[in-house]
Amino acid sequence: TRKGLIDLNLFGDETEPHESYYSIIRAAPQLYRLLPEDVLASATILSNLGFNASLLISTNPTIITYLPDDITYGFQFLSTMMGNPSPAFLAQLCDANPALLLQGIDGGLQERSVERALGAAGSAAYDANKKVAVDSACLEALEGVIRVVV
């Protein structure tokens, strides 16, 4: 992970980038348990979205503990909540206030969590209604058979 972050030039012109890396690890120890390719993909997506990734990561290292998909969705969520400003403008705002991007990511995670819960609840309600309809149809058929027999 360290070499990959250094190769992405996330520590600027530092002559000793290892010190910055260890300060990131102290702030976000969960990086030890994450797959290096996921961490590097998250750092790369920050750059691809137009952020100053070095600034965001040094200000709030936990940003690279999120999955790339969560970062992308969080950026889209934040854009929607702010009235769809240009991506470049939104990236500048987040560079100036890194907590803003984290709020967008957290908001996006919450939105998708609710969406999954509602989807599961909707499926459960559909299945329950279908069972009631089948039971009702069976009951009507059984009543018809009973009337014929009696």
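Numbering starts at 1 and runs along the sequence shown. Given the structure is predicted, the values throughout are model-derived calculations rather than measurements. Side chains included, hydrogens not; waters and symmetry mates left out as well; all remaining heavy atoms used.
Under the salt bridge (charged side-chain N to carboxylate O under 4.0 Å, His left out) criterion, Arg26 pairs with Glu19, not counting sequence neighbours. Residues passing the side chain to side chain donor-acceptor pair (under 3.5 Å) test with Asp106 are Tyr66, sequence neighbours excluded. By the side chain to side chain donor-acceptor pair (under 3.5 Å) test, Thr65 pairs with no residue at all, sequence neighbours left out. Contacts of Asn48 classified as side chain to side chain donor-acceptor pair (under 3.5 Å), with partners at least two apart in sequence or in another chain: none.
Judged as a salt bridge (charged side-chain N to carboxylate O under 4.0 Å, His left out), not a single pair has a partner in residues 73-84 (not counting sequence neighbours). Within the structure, every pair that satisfies the ring-ring contact (aromatic ring centres under 6.0 Å, His included) test and touches residues 30-54, not counting sequence neighbours, is listed here: Phe51-Phe75. Applying the side chain to side chain donor-acceptor pair (under 3.5 Å) test to pairs two or more places apart or on separate chains, those with a residue in residues 71-81 are Tyr73-Glu111, Ser79-Asn84. Each salt bridge (charged side-chain N to carboxylate O under 4.0 Å, His left out) pair with one or both residues in residues 35-53, not counting sequence neighbours, would appear here, but there are none. The salt bridge (charged side-chain N to carboxylate O under 4.0 Å, His left out) analysis of residues 70-92, with sequence neighbours excluded, yields the pairs Asp70-Arg112. Evaluation of the salt bridge (charged side-chain N to carboxylate O under 4.0 Å, His left out) test over residues 72-90, restricted to residues two or more places apart or in two chains, returns none.
Here the side chain of Ser113 pairs no donor or acceptor atom with the backbone of Leu109 at under 3.5 angstrom.
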Name every donor-acceptor pair, under 3.5 Å, that has one atom in a side chain of residues 87-104 and the other anywhere in the protein, sequence neighbours excluded.
from, atom 1, to, atom 2, distance (Å)
Asp95, OD1, Asn52, N, 3.0
Asp95, OD2, Asn52, N, 3.1
Asn97, OD1, Ala99, N, 3.4

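Residue Ile64 is grouped with residue Ile25 when hydrophobic side chains (ILVMFWY) are merged at heavy-atom distances under 4.5 angstrom, including chains of intermediate members. Side-chain heavy atoms closer than 4.5 Å link hydrophobic residues (I, L, V, M, F, W, Y) into clusters, and following such links, possibly through other members, connects Leu40 to Leu34. Met82 and Leu56 fall within the same hydrophobic cluster, where Ile, Leu, Val, Met, Phe, Trp and Tyr residues are linked whenever their side-chain heavy atoms come under 4.5 Å apart, directly or through other members.
Between Ala27 and Thr62, the closest heavy-atom pair is O-CG2, 4.2 Å.
Rounded to the nearest 0.5 Å, atoms CD1 (Ile57) and CG (Leu46) are 5.5 Å apart. Rounding to the nearest 0.5 angstrom, the gap separating the CD1 atom in Ile71 from the OG atom in Ser42 is 4.0 Å.
Contact of the Ile105 side chain with the Ile63 side chain is registered, since non-hydrogen atoms from C-beta on lie closer than 4.5 Å.
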